[in-house]
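When a residue number appears, it is its place in the shown sequence, counting from 1.
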Amino acid sequence: MAGFRAFATQVRDPRLLTTRRRTALRKCLERFAPYGHRATWHHLCTRAGIAPQDRDPDPARLLAALAELEEARALWLAYEAECTTRRRREKRDGIRQPGALDAWHRRTWGGCEIVPCAAPHRHPAAPLAAVLRTVIAAMESGRPRHDCPVCGSTRFHPLADPDRRAAGPVCADCGVITPAALLTRETLAAARRGTSGAAGATGTGAGTGTAAGAVAGPGVRFGASIAA
């Protein structure tokens with residue numbers, strides 16, 4: 001089965017029909033889709049200026065979408081490599097029980113639905129890599145918070161799907177499913193009641209969907225990107 005890099009090569013190949021290059025980009029999302037397949041596709045199309053249903057888009061726009069996806073994937077692979085190194089070190093030191101951060105890694109390993117969105121047309125507007133850096137920094141801090149790590153909003157509502165509500169509430173502004181491990185008990189309880197952020201206060205951060213807004217998350221040190 002072809003991997004991400006093989007499909008990325010097809011996206012770049014000017015000898016291929018544009019329709020096939022578009023299909024190859026969609027195939028890349030089967031290997032790496034931080035928001036989930038449909039939401040990541042809509043996000044990339046929005047930022048690159050591609051109509052999601054356009055079967056013959058401008059090849060330059062396909063390349064722009066691929067470049068954003070590859071930047072985010074390189075960041076995530078480097079982070080996974082650092083996590084693997086850390087866990088080996090912890091096990092040597094006698095720390096056998098994984099924590100909440102490691103539970104999140106297991107759910108997101110490989111890069112699909114790292115920051116899942118509840119709806120495919122509602123997602124942060126900032127580049128994928130910026131959003132991933134922000135969420136990684138928030139997870140590594142280990143400090144429960146009252147706001148969304150992506151956009152700073154304090155407005156949350158529960159997931160409509162009862163089978164997935166344990167994952168966390170949905171940010172009412174940027175649409176991401178915020179990991180429950182990142183939020184305080186009070187914030188989670190308010191989100192379940194539908195009373196969080198009643199005043200509509202938001203912090204600085206990203207907008208949603210096609211709205212303008214940039215995520216400027218705290219910096220995180222990452223290791224060198226690994227080959228995949």
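- R31 contributes no side-chain N or O that, together with a main-chain N or O of G3, makes up a donor-acceptor pair within less than 3.5 Å.
- Between L132 and P34 the shortest side-chain heavy-atom distance falls below 4.5 Å.
- Criterion: ILVMFWY side-chain heavy atoms under 4.5 Å apart, direct or through other members. Under it, L188 and I177 are not part of a common hydrophobic cluster.
- The heavy-atom pair separating A138 from R145 by the smallest distance is CB-NH1, 3.7 Å.
- What you find for Y35 and A126 is that their closest heavy atoms are OH-O, 4.4 Å.
- In this structure the side chain of L44 reaches within 4.5 angstrom of the side chain of L29, judged on heavy atoms.
- C171 has its side chain within reach of C151: a pair of non-hydrogen atoms, C-beta onward, lies under 4.5 Å apart.
- Residues M139 and V150 share a single hydrophobic cluster, defined by chaining ILVMFWY side chains whose heavy atoms lie under 4.5 Å apart.
- V176 is not listed as a side-chain neighbour of H123, based on a closest heavy-atom distance of 4.5 Å or more.
- Figure legend: R73 and F4 shown as a cation-pi pair, the cationic atom lying under 6.0 angstrom from the six-membered ring centre and within 45 degrees of its axis.
- Once rounded to the nearest 0.5 Å, the distance linking CG of D56 with OG1 of T18 reads 4.5 Å.
- The CZ atom of R22 lies 14.0 Å from the CG atom of D58; values are rounded to the nearest 0.5 Å.
- Listed by first and then second residue, the salt bridge (charged side-chain N to carboxylate O under 4.0 Å, His left out) pairs involving residues 10-19 are R12-E70, D13-R15 (not counting sequence neighbours).
- Annotation: the span from L25 atom CG to L69 atom CG amounts to 6.5 Å, rounded to 0.5 Å.
- Looking only at side-chain heavy atoms (C-beta outward), C174 and C148 come within less than 4.5 Å of each other.
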Derivation of the side-chain contact (heavy atoms from CB on, under 4.5 Å) call for Y79 and E140: CA-CA 11 Å; Y79 180 59; E140 289 196 323; 3.2 Å; yes
Determine all donor-acceptor pairs shorter than 3.5 Å in which one atom belongs to a side chain in residues 110-118; sequence neighbours excluded.
none

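- Evaluation of the salt bridge (charged side-chain N to carboxylate O under 4.0 Å, His left out) rule for E30 yields K27 as partners, not counting sequence neighbours.
- Using modelled atom types, one finds no donor on one side chain facing an acceptor on the other under 3.5 Å when comparing H146 with T154.
- Screening residues 42-55 for salt bridge (charged side-chain N to carboxylate O under 4.0 Å, His left out) gives R47-E68 as the qualifying pairs, with residues at least two apart or on separate chains.
- Residues passing the salt bridge (charged side-chain N to carboxylate O under 4.0 Å, His left out) test with R38, sequence neighbours excluded: none.
- In this structure, T178 and P149 have side chains that are in contact, with non-hydrogen atoms separated by less than 4.5 Å.
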Candidate pair L128 and T40, rule side-chain contact (heavy atoms from CB on, under 4.5 Å), full reasoning: CA-CA 9 Å; L128 289 171; T40 304; 4.3 Å; yes
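- Residue A119 comes nearest to A39 through the heavy atom pair O-CB, 4.3 Å, listed as atom of the first residue, atom of the second, then distance.
- Between F156 and R192 there is no side-chain heavy-atom pair separated by less than 4.5 Å.
- Classified by interplanar angle (parallel below 30°, tilted 30° to 60°, perpendicular above 60°), the ring pair H121/H42 is perpendicular.
- To the nearest 0.5 angstrom, I136 atom CD1 is 5.0 Å from L75 atom CG.
- Looking at heavy atoms from C-beta onward, I50 lies in side-chain contact with L62 at the 4.5 angstrom threshold.
- In this view, R26 satisfies the side chain to side chain donor-acceptor pair (under 3.5 Å) rule with no residue, not counting sequence neighbours.
- The nearest pair of heavy atoms linking L183 to P169 is CD1-CG, 3.5 Å.
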